[in-house]
**Q** 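The structure follows.
This structure is a prediction, so every number in the text was calculated from the model and none was measured. Start at 1 and go down the list; that is how both ligands and their atoms are numbered. What you see below is based on every heavy atom in this structure, not just the backbone, and it leaves out hydrogens, waters and symmetry mates.
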Amino acid sequence: MSVIAQKCPEIHVTVVDINDKRIAAWNDTDLDKLPIYEPGLPEVVKEARGRNLTFSTAVDDAIDKADMIFISVNTPTKTYGVGKGMAADLKYIELCARQIARVAKDDKIVVEKSTLPVKTAQALKNILDNTGNDVDFQIISNPEFLAEGTAIDDLLNPDRVLIGGDIHTNKGNEAVQKLVDIYAHWVDRKRLLTTNIWSSELSKLTANAFLAQRVSSINAMSEICEKTGADVDEVARAVGMDTRIGSKFLKSSVGFGGSCFQKDILNLVYISKTLGLPEVADYWEQVILMNDHQKRRFAMKMVSTLYNTVSDKKIAVLGWAFKKDTNDTRESAAIYVTDHLLNEQAKVVVYDPKVPEERIYADLDALGTRPERENRERVTVVQDPYEACENAHAISILTEWDEFKDYNWEKIHKEMYKPAFLFDGRRLLDADKIEKTGFDYYAIGK
Ligand SMILES: NC(=O)c1ccc[n+]([C@@H]2O[C@H](COP(=O)([O-])OP(=O)(O)OC[C@H]3O[C@@H](n4cnc5c(N)ncnc54)[C@H](O)[C@@H]3O)[C@@H](O)[C@H]2O)c1
């Protein structure tokens, strides 16, 4: 929304959220306090905020005044009832729809920006038409393809923008064109794809499933590499140079995280099951199972290397965010690796340049594996990476933050317990350079 406001100064964008703390942070004069850490975002907000970009908690008022409403609320995996652990929880979407229906006194275009299961637009339309004030609602699907960490660049230079709508009716077509005209302010019209609404909803889940599948495929090969002496980076380069395959999303690691891949694939698995397609469901579910396996395998490799016990050993975890250049930790591999290590009674010291201490404890507490008190006893969060590593038996790199590459690894090695182990879950460090430092170095797929 900030980028739309920046690129379309004649359009007023109001971002509303029921979370008043988040809105207050979006309004903070100190741009370092924005709730999302994203390179380039403060500059965009600085330019548009107060001009044609407003952040507010007055949801009804914003609905009333808007011509077009983007629903961008969270759609997490259900944690209860039918479809628990798999289906998307659409309660926040439904609440939004009911609120829009109640408040709207004139025609509105409602844009699905959240990632939704295919056919959600039908449910939205039913709620809006049956509980509304006899105004016309046009539903459009406009899934978001940005990746965290590169969000601003992805939004400014998208590969494509997908806009799905009721393109066989005049009103539907008009609504689609209105959104096309917004993006056309800065995106080449050739990259604006209009489709029917179901194709648009399903394409977003498909794109994420394909991307996650590539990560799980290369991670599956990483285990074969470890058994055979092949090197997974070399394998990835060799297959990635095949133009039919391409080089992206072939970086082997301790596993993908983030709020989207797992949730969206589980959602696809659930849709397949409800459509009576068990083979399709199993096919996609394996992508998730492989990812869980990789995280567990990495933690178990640490334990077995440290003579089958990490009990009361100090383990440094470098990086908590699910990838570099974001402060988002949802489904981060670091959470699960740490949880496995805590089950083995390790003492874990965490350093991440952007993730605050309370987030790290909240992530561990949310797993419910042990009493919260124990998480605080066993896990320490520090602001200095060298402090995290001092006297540690082992270090694991779980986020590929660039700063980790530049550390004085020789100095760190000198100040650790010997033998000192370095587990590189992101294949971030140059193995040749590390060898000279004296570490027993372990990277995925080596
Ligand atoms: N995070 C990403 O990189 C990304 C990328 C593409 C698509 N998506 C999709 O976008 C959607 C949102 O993702 P997110 O990461 O921003 O989630 P999020 O949980 O960070 O943000 C959702 C926000 O919606 C607010 N909210 C919930 N109900 C509301 C209501 N009734 N009225 C007003 N505000 C309400 C919440 O308070 C919260 O601040 C999801 O469907 C996700 O799949 C996310």
**Q** With a cut-off of 4.0 Å, which atoms of ligand 1 are near a heavy atom of Cys96?
**A**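 Going through ligand 1 atom by atom, the ones under 4.0 Å from Cys96 are 30 (C), 31 (N).
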**Q** Output the distance between atom CG (Asp89) and atom NZ (Lys84), rounded to the nearest 0.5 Å.
**A**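 These two atoms lie 12.5 Å from each other.
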**Q** Centroid-to-centroid, Tyr407 to Tyr386, below 6.0 Å?
**A**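 Close enough - the centres of the two rings lie under 6.0 Å apart.
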**Q** Within 45 degrees of the axis of the six-membered ring of Tyr361 and under 6.0 Å from its centre: does Arg376 put its NZ or CZ there?
**A**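 Yes, a cation-pi geometry holds between Arg376 and Tyr361.
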**Q** Counting heavy atoms only, which part of Arg330 comes closer than 4.0 Å to ligand 1: side chain, backbone, both or neither?
**A**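 Near ligand 1, Arg330 shows its side chain, while the N, CA, C and O stay back.
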**Q** Protein heavy atoms near atom 3 (O) of ligand 1, is at least one of them under 4.0 angstrom away?
**A**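 Under the 4.0 Å cut-off, atom 3 (O) of ligand 1 does have protein heavy-atom neighbours.
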**Q** I'd like to know if Asp64 and Lys105 make a salt bridge, using a cut-off of under 4.0 Å between side-chain N and carboxylate O.
**A**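 Salt bridge absent between Asp64 and Lys105.
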**Q** What part of Cys260, side chain from CB on, backbone N/CA/C/O, both or neither, has a heavy atom under 4.0 Å from ligand 1?
**A**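 Contact part for Cys260 vs ligand 1: side chain (C-beta onward).
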**Q** Using heavy-atom distances only, which candidate in Ile18, Thr57, Thr115, Thr326 approaches atom 34 (N) of ligand 1 most closely?
**A**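 The nearest heavy atom belongs to Ile18.
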**Q** Quick one: does Glu201's side chain have a donor or acceptor within less than 3.5 Å of a partner on Ala121's backbone?
**A**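 Checked: pair present.
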**Q** Going by heavy-atom distance to atom 26 (N) of ligand 1, choose the closest among Val73, Ile63, Val16.
**A**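 Closest candidate by heavy-atom distance is Val73.
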**Q** Asp17 near ligand 1, heavy-atom distance under 4.0 Å?
**A**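 It does; at least one heavy atom falls under 4.0 Å.
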